[in-house]
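In what follows, chains carry the letters A, B, and so on, assigned in the order in which the sequence lines appear, proteins first and then strands, with residues in each chain numbered from 1. If you're wondering where the values come from, they're calculated on a predicted model, not measured in any experiment. Values below: every heavy atom of this structure, side chains too, minus hydrogens, waters and symmetry copies.
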Amino acid sequence: MSSVPNEEHPHHPFLQHHFEDLGQQHEASTLGMWMFLSTEILFFGGMFLAYAIYRVMYEPAWIEGAHHQNLMMGTINTIVLIGSSLTMALAVWASQLGRRLLTVALLVATLVLGSVFLGIKAFEYHAHYEEGLFPGVHFTYQSPLAAKVQLFMVFYFGLTGLHALHMIIGAGLLLYFIWRAWRGDFGPEYYSPVEIMGLYWHFVDIVWIFLFPLLYLIGRHH
Amino acid sequence: MVTAPPEHEHAPTHHVTPLWIYFAVFFALMFFTVVTVWISTINLGVMNTPVALAIAVVKATLVILFFMHVIHSTRLTWVVILASFLWVATLFVLTFADYLTRAWAIY
């Protein structure tokens with residue numbers, strides 16, 4: 001059989017020497033990325049926990065704060081972000097099939113949708129500032145619960161701000177992988193970087209899937 | 001002389017997900033987004049938040065299994081993912097076991 005390692009056989013340019021083959025390398029990359037994501041899950045988990053504790057303590061203030069969120073903008077942003085997850089997943093699919101230009105186009109679409117999300121978020125931040133709901137710096141909101149509403153806004157800006165920071169990092173990573181996809185690095189044998197990029201992007205999407213009901217949909221029936 | 005094409009390479013687990021699955025998951029996520037917004041306008045008493053979170057968990061599970069290809073991942077990857085959620089659950093359960101049993105903590 002020809003299963004004996006052949007010194008003469010040129011290996012794939014992106015196969016690292018410490019891996020047996022691209023399959024093993026791909027599995028190691030996936031596992032490594034999930035290790036990183038588990039630290040991210042715990043990182044955001046801590047923030048969600050702090051949010052939950054204060055929500056239990058100050059529920060009426062949380063409801064009052066949530067009523068100052070723009071539900072329309074939040075819903076549109078949820079749709080935009082899930083749409084970007086779809087284009088990201090399709091980019092992985094296209095790279096698996098070695099369709100270079102389609103991969104580039106889908107990664108660009110993901111970047112565009114991510115930018116739309118950040119633009120809408122910036123619009124919302126501006127509206128909160130105008131309304132005097134920016135904690136510490138510009139908080140002029142009047143209400144018997146004002147102090148606790150301010151705490152809600154601390155969590156709002158903290159959670160969405162960290163989420164937006166992840167989006168900005170993701171956008172930077174996308175630029176790099178768009179360039180590499182354009183260069184023709186990816187194909188049926190080697191698409192791990194696109195897959196890993198996707199894992200990161202989908203994780204950020206999942207964080208938003210939880211943030212949306214927790215920040216926008218509280219006490220809407222009142 | 002060189003003749004036979006190299007076939008010694010182990011076939012990597014290159015599972016290509018059919019396109020319709022991606023679109024089905026996308027439309028399911030859209031559907032649940034509409035449902036969660038709609039259901040938040042209905043008074044379910046104390047159940048509003050659990051229902052909203054349950055929908056979020058379903059959406060997250062769809063993303064993890066299909067967009068993130070975990071359904072085709074190795075057992076080791078599953079262990080890492082499940083372990084991270086187990087630790088988050090531990091974090092919540094133990095912390096709330098403290099806060100919820102303090103009389104002053106209830107608003």
Side-chain angles (χ1 to χ4, degrees), chain A residues 1-6 8-9 20-24 26-27 30-31 34-35 37-39 41-42 45-46 49 52-53 56-60 71 75 78-79 82-83 85-86 88-90 92-93 96-97 188-189 191 195 198-199 202-203 205-206 209-210 212-214 217-222, chain B residues 2 4 6-17 19 22-23 25-26 29-30 32-34 36-37 39-44 48-49 52-53 55-57 59-60 63-64 66-70 73-74 76-77 80-81 83-85 87-89 91-92 95-96 99-100 104-107:
Chain A
M1 297 301 286
S2 63
S3 60
V4 185
N6 183 354
E8 245 105 87
H9 172 57
E20 284 276 324
D21 53 41
L22 284 168
Q24 188 196 36
H26 181 83
E27 275 181 25
T30 306
L31 183 66
W34 271 108
M35 283 287 185
L37 290 183
S38 67
T39 70
I41 290 167
L42 287 165
L49 175 67
I53 290 167
V56 169
M57 290 164 81
Y58 307 136
E59 179 93 34
L71 180 60
T75 307
T78 305
I79 292 168
I82 292 174
S85 256
L86 175 68
M88 184 67 238
L90 293 178
V92 176
W93 173 84
Q96 283 179 314
L97 299 183
E189 286 202 325
Y191 61 93
E195 170 91 17
L199 291 182
H202 298 311
F203 167 78
D205 187 23
I206 289 171
I209 284 173
F210 283 96
F212 177 57
L214 291 176
L217 302 179
I218 312 171
R220 282 281 161 190
H221 54 272
H222 288 300
Chain B
V2 277
E7 286 188 66
H8 69 272
E9 220 163 79
H10 302 248
T13 48
H14 291 317
H15 186 277
V16 180
T17 306
L19 264 193
Y22 288 130
F23 283 99
V25 168
F26 172 74
L29 292 171
M30 289 290 108
F32 283 120
T33 301
V34 172
T36 195
V37 171
I39 221 162
S40 71
T41 63
I42 299 165
N43 191 352
L44 303 174
N48 274 100
T49 301
L53 285 175
I55 294 172
V57 167
K59 288 168 76 180
V63 172
I64 290 170
F66 299 105
F67 280 1
M68 298 170 98
H69 303 143
V70 168
S73 290
T74 57
L76 191 54
T77 308
V80 170
I81 297 165
S84 61
F85 286 115
W87 283 113
V88 170
L91 184 70
F92 271 77
T95 310
F96 271 108
Y99 274 95
L100 292 180
W104 53 261
I106 307 305
Y107 186 78

Which atoms of [X] come close to chain B, meaning under 4.5 Å heavy atom to heavy atom: side chain ones, backbone ones, both, or neither?
X: A:Phe203; result: both
X: A:Ile218; result: neither
X: A:Leu42; result: both

Looking only at heavy atoms and a cut-off of under 4.5 Å, which of [options] has the most pairs with chain A?
options: B:Val63, B:Ile39, B:Val34; value: B:Val63
options: B:Thr41, B:Ile81, B:Val37; value: B:Ile81
options: B:Val88, B:Thr77, B:Asn43; value: B:Asn43

CG-CH2 distance between B:Leu19 and A:Trp93, expressed to the nearest 0.5 angstrom: 4.0 Å
CD1/A:Ile206 to CD1/B:Ile64 distance, rounded to the nearest 0.5 angstrom? 4.0 Å
If we ignore hydrogens and angles and just use 3.5 Å, is the side chain of A:Glu195 paired with the main-chain N or O of A:Val92 as donor and acceptor? no
Main-chain N/O of B:Phe32 paired to B:Thr36 side chain as donor or acceptor, under 3.5 Å: no
Among A:Gly219, A:Gly46, A:Ala52, A:Pro213, which residue forms the greatest number of heavy-atom pairs with chain B at distances under 4.5 Å? A:Ala52
If you count heavy-atom pairs within less than 4.5 Å of chain B, which of A:Thr78, A:Leu217, A:Leu86 leads? A:Leu86
Across all chains, not counting sequence neighbours, the side chain to side chain contact (heavy atoms under 4.5 Å, CB included) partners of A:Leu49 are A:Ile53, B:Leu91, B:Phe92, B:Thr95, B:Phe96
Going by the rule side-chain hydrogen bond (donor to acceptor under 3.5 Å, both in side chains), which residues pair with A:Ser85 if we only count those two or more places apart in sequence or in a different chain? A:His202, A:Asp205
